[in-house]
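Computed from a predicted structure; not experimentally measured.
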Protein chains: 2
Amino acid sequence: MEDDKTVEGNRAFERSCCPITNGLDIFGDKWTLLIIRDLILGKRRYQDFISSAEKIASNILADRLKKLEAAALVRRQAYQQKPARYEYSLTEKGESLRPVLAAIISWSQEHYPGTQLFPSVRPRQATDQTVKVAGGV
Amino acid sequence: MEDDKTVEGNRAFERSCCPITNGLDIFGDKWTLLIIRDLILGKRRYQDFISSAEKIASNILADRLKKLEAAALVRRQAYQQKPARYEYSLTEKGESLRPVLAAIISWSQEHYPGTQLFPSVRPRQATDQTVKVAGGV
DNA sequence: TCCATTCACTTGCTTATTGCAAGTTGCGCA
DNA sequence: TGCGCAACTTGCAATAAGCAAGTGAATGGA
């Protein structure tokens, strides 16, 4: 008997082989795409995600980051040893979700005029200065 | 004290005014976009949605249809009296989610070659003016 | 040396949402 | 007098989310 797991490292086609269903099985919840958004905006570290406006709980963030890594949308790498500290970045597969976010933004802006994008964040320097720069998702 | 409800009939900006967050507050779960997909594919009735491949539970379907109606993405109308029977269709606002679905399909097909779209469903004969021809979401 | 702080998470517990099975209502039909 | 269909509703167990607090390694300061 065959197992129904592991297409590129994650469970595949849990509910059906419909591409929409498959997408939703990966990012169909209230938080995952917000983490992708943050990564696109330039955030990289745990505290960056924690401090976003939507106030994700830390256990949920940890869970989603693990799932995103397992699904190969996100990569985790140490930016220093002693103490080991990690940052996250999008893989190509994760980057390619940009059009999905763009479509959602477009829909929201059309139907909810009050919405507005957050600005991009400039990557950290050694001295930890986050300077904001224009440019949306 | 002001309430934080009702932009076009539904709770607005629950978590932040980010357009992505706003979109996810409306359709950010595992089922809502599948109902939209079914509607785009030509399904209209409760049993149509129930019989989709993903096997949505009937209570969740009822809940999502109510929320979609409240958010003005979907409209509910009787197609017969005695006994009253209802069918659902997309509003313009719901139709305009097409690009979101298209982006998800595109992403899934690129990264998960095994996925494939369901075909459109032919509308029922009793009550329909809008005849749709084949073509995916 | 001791203490406070930072960062990247875990853990424990409460509350909310899902999933599953079964039940309900109104009517038409044999 | 049932039987069945369509569109839901209800009850309850299982799963997930939300919240607060805690952990461990290291670093900087009094």
**OP:** Output, in order, the C-alpha distance, side-chain angles, deciding distance and verdict of side-chain contact (heavy atoms from CB on, under 4.5 Å) for B:Asp63 and B:Lys66.
**Re:** CA-CA 5 Å; B:Asp63 176 80; B:Lys66 262 168 210 152; 5.8 Å; no
**OP:** Please step through salt bridge (charged side-chain N to carboxylate O under 4.0 Å, His left out) for the pair A:Glu54 and A:Arg37, ending with a clear verdict.
**Re:** CA-CA 12 Å; A:Glu54 293 83 8; A:Arg37 173 204 67 184; 2.9 Å; yes
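Residues A:Ser108 and B:Asn22 bring a donor and an acceptor atom of their side chains to less than 3.5 Å of each other.
Every residue two or more places apart in sequence or in another chain was checked for a salt bridge (charged side-chain N to carboxylate O under 4.0 Å, His left out) with B:Glu69, and none qualifies.
The environment of B:Lys82 atom NZ is sparse: at most 12 non-hydrogen atoms of other residues, nucleotides or ligands sit within 6.0 angstrom.
Ring orientation note: the planes of A:Tyr112 and B:Phe13 are nearly perpendicular, at an angle over 60° on the 30°/60° scale.
Note on B:Leu33 and B:Leu65: same hydrophobic cluster, where clusters join Ile, Leu, Val, Met, Phe, Trp and Tyr whose side-chain heavy atoms are under 4.5 Å apart, directly or indirectly.
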Original post:
For nucleotides 8-21 of chain C, read 5' to 3', which letter fits each nucleotide if B means a protein heavy atom sits under 4.0 Å from the base, S means only the sugar-phosphate is that close, and - means neither?
Top reply: BBBBB-----SBB-
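Contact footprint of chain A on DNA chain D: nucleotides with an atom under 4.0 Å from a non-hydrogen protein atom, first to last in 5' to 3' order, D:dA17 to D:dT27.
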